[in-house]
There are 2 protein chains.
Amino acid sequence: MSSAQQKPKAKRDTKRLILDICERYLMQWGYNVFSYHHIADELGVKNAAIHYHFRTKSDLAVAVLLRYRARFIRWTQTVEALPPQAQLDAYMRLSLNFVLNQRVGVLVTLGTEYNTLPEPLQEQVKLLQDEIFTWFAALLERGRSSGDFLFNGTAHAMASLIATTMLGSQLLGRVRGIGPFEEVVEQVHLIVGMKRNSP
Amino acid sequence: MSSAQQKPKAKRDTKRLILDICERYLMQWGYNVFSYHHIADELGVKNAAIHYHFRTKSDLAVAVLLRYRARFIRWTQTVEALPPQAQLDAYMRLSLNFVLNQRVGVLVTLGTEYNTLPEPLQEQVKLLQDEIFTWFAALLERGRSSGDFLFNGTAHAMASLIATTMLGSQLLGRVRGIGPFEEVVEQVHLIVGMKRNSP
DNA sequence: CCTCATACTTACCTATTAGTCAGTAAGTTC
DNA sequence: GAACTTACTGACTAATAGGTAAGTATGAGG
């Protein structure tokens with residue numbers, strides 16, 4: 001490849017690329033498996049270049065999670081006008097896409113590794129989990145009030161059940177493929193009283 | 001010859017102890033984090049002693065999973081005479097005890113790490129997942145036939161939903177403690193129609 | 001007593017890890 | 001054009017990883 005190492009006008013946004021690659025590793029492998037060398041190799045730079053942008057591995061992962069959470073919050077805003085069923089479906093479609101891309105949500109990998117994570121990263125995992133579970137509880141509550149959902153127990157409990165189900169079903173999907181994952185999604189529809197003959 | 005081959009001495013059953021320690025690490029940390037040195041230190045022996053009993057790390061983990069699966073099968077036999085609700089409760093109590101002991105089931109850690117595992121270990125993860133999900137489906141099927149459970153959808157789908165919920169709720173429990181875990185367990189009771197007026 | 005198997009230890013190997021530090025080329029600012 | 005900043009490279013470290021080979025202490029069986 002004779003690409004003349006020129007550094008053209010638009011400087012490569014290395015920092016953002018590092019975050020992207022790290023995020024992908026977190027979803028495919030988790031925190032403990034990937035290394036700075038993996039990222040550096042992919043970018044065609046040296047190990048030390050990653051340390052220049054993020055002093056430690058923990059700092060890098062924390063930065064990924066901050067961005068991840070902010071993106072989730074923006075996402076909830078883009079769907080908040082939709083009917084409750086559509087919002088629930090949209091969320092499940094996010095998880096579906098993870099599984100299709102051989103990934104799982106970071107809460108799956110980092111939740112599993114929780115005991116082995118540096119403290120600042122544990123903090124971020126908690127914050128993200130809070131964000132997602134709180135959003136879920138509010139959605140279930142509104143959906144029941146509006147008559148879109150129908151279930152027993154508190155909305156909070158049902159939210160916890162569905163949110164954990166989505167975590168677990170990603171593990172199932174990772175091992176067994178998309179079919180079993182979709183079976184679970186279908187059953188979630190039933191337990192919240194959706195699926196009223198809608199095409 | 002036909003004599004009872006008694007153990008000449010209560011020699012330390014190192015092989016079994018290695019399996020025990022490895023199993024604990026798998027449930028606390030997963031496969032990629034622990035090392036032979038961790039196990040050796042705990043036993044007060046050298047690294048190479050572990051290699052003597054299990055040639056590779058993969059061999060060791062496979063041996064743990066074989067034992068784990070056999071134990072699960074024995075467990076299902078000990079509860080098979082109980083009513084369906086009691087069996088479901090007993091299973092959920094197993095998960096509860098994991099969480100109380102800062103562990104999660106091996107399907108949680110190894111499912112998460114699945115893409116990074118050596119092939120023979122992936123195989124064992126699949127076999128264990130099969131065993132557990134199949135048992136769950138049979139339980140739900142019997143429970144519905146007998147009128148103990150009440151739910152919509154196929155027993156297979158409901159089994160997948162509950163089994164994945166138990167996986168996910170262990171992740172929740174690991175991060176947030178036992179309270180949120182128990183909330184999910186309670187909600188599982190509701191969605192299979194247990195808890196009909198019973199306190 | 002000799003031989004053998006068991007259950008290790010000692011010593012070592014190569015690869016990889018996160019992280020450091022000094023140096024430098026290419027802008028940017030004054 | 002000097003001073004400063006940005007974005008790296010190259011060379012290194014100490015620790016740890018999984019794994020191997022050769023040697024050794026112990027005890028059982030013949």
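Just so you know, these numbers come straight off a predicted model, no measurement behind them. Proteins come first, then strands; the chains are lettered A, B, ... in the order of their sequence lines, and each starts at number 1.
- In this structure a side-chain-to-backbone donor-acceptor pair under 3.5 Å is present from Thr109(B) to Leu26(B).
- For dA7(D), the OP1/OP2 oxygens have no side-chain nitrogen or oxygen of Thr14(A) closer than 4.0 Å.
- Going from atom NE2 of His53(B) over to atom C1' of dT20(D) covers 17 Å, rounded to whole Å.
- Atom CG in Leu117(B) sits about 14 Å away from atom P in dG18(D), given to the nearest Å.
- The shortest distance between the side-chain N/O atoms of Arg55(B) and the OP1/OP2 oxygens of dG18(D) is not below 4.0 Å.
- In the hydrophobic cluster analysis, where Ile, Leu, Val, Met, Phe, Trp and Tyr join through side-chain heavy atoms closer than 4.5 angstrom, Phe133(B) is grouped apart from Leu127(B).
- Between the P atom of dT16(C) and the CG atom of Asn32(B) lies a distance of 15 Å, rounded to the nearest Å.
- In the set dT9(D), dG19(D), dT10(C), dG19(D) carries the atom at the smallest distance from any side-chain atom of Lys57(B).
- Base engagement by Tyr52(B) is indicated by at least one non-hydrogen atom pair under 4.0 Å involving a base atom.
- For the pair Lys15(B) and Phe54(B), the cation sits on the ring face: its NZ or CZ lies under 6.0 Å from the ring centre, inside 45° of the axis.
- Here dG18(D) presents its C1' atom at 12 Å from CD1 of Ile39(B), a figure rounded to the nearest Å.
- Among dG18(D), dA18(C), dT9(D), the nucleotide with an atom closest to any side-chain atom of Asn47(A) is dA18(C).
- Following rounding to the nearest Å, Leu121(A) (CG) and dA18(C) (P) show an atom-to-atom distance of 14 Å.
- Side-chain contact of Thr165(A) with Thr165(B): a donor-acceptor pair under 3.5 Å is present, judged by distance alone.
- Atom-to-atom, CD1 of Ile18(B) to P of dG18(D) comes out at 14 Å; the value is rounded to the nearest Å.
- Phosphate proximity of dT9(C) to Lys46(B): absent, as no side-chain N or O sits under 4.0 Å from OP1 or OP2.
- Taking the charged nitrogens against the carboxylate oxygens, Lys126(A) and Asp130(A) have no contact shorter than 4.0 Å, which rules out a salt bridge.
- The NE2 atom of His51(B) sits 14 Å away from the P atom of dC8(C) (whole-angstrom rounding).
- The phosphate of dG18(D) has neither OP1 nor OP2 within less than 4.0 Å of any side-chain N or O from Thr56(B).
- In this entry the distance linking NE2 of His37(B) with P of dT17(C) reads 17 Å, nearest Å.
- Looking at heavy-atom distances under 4.0 Å, Phe34(B) makes contact with sugar-phosphate atoms alone, never a base.
- For the pair Ser35(A) and dT17(C), the criterion of a side-chain N or O lying under 4.0 Å from OP1 or OP2 is met.
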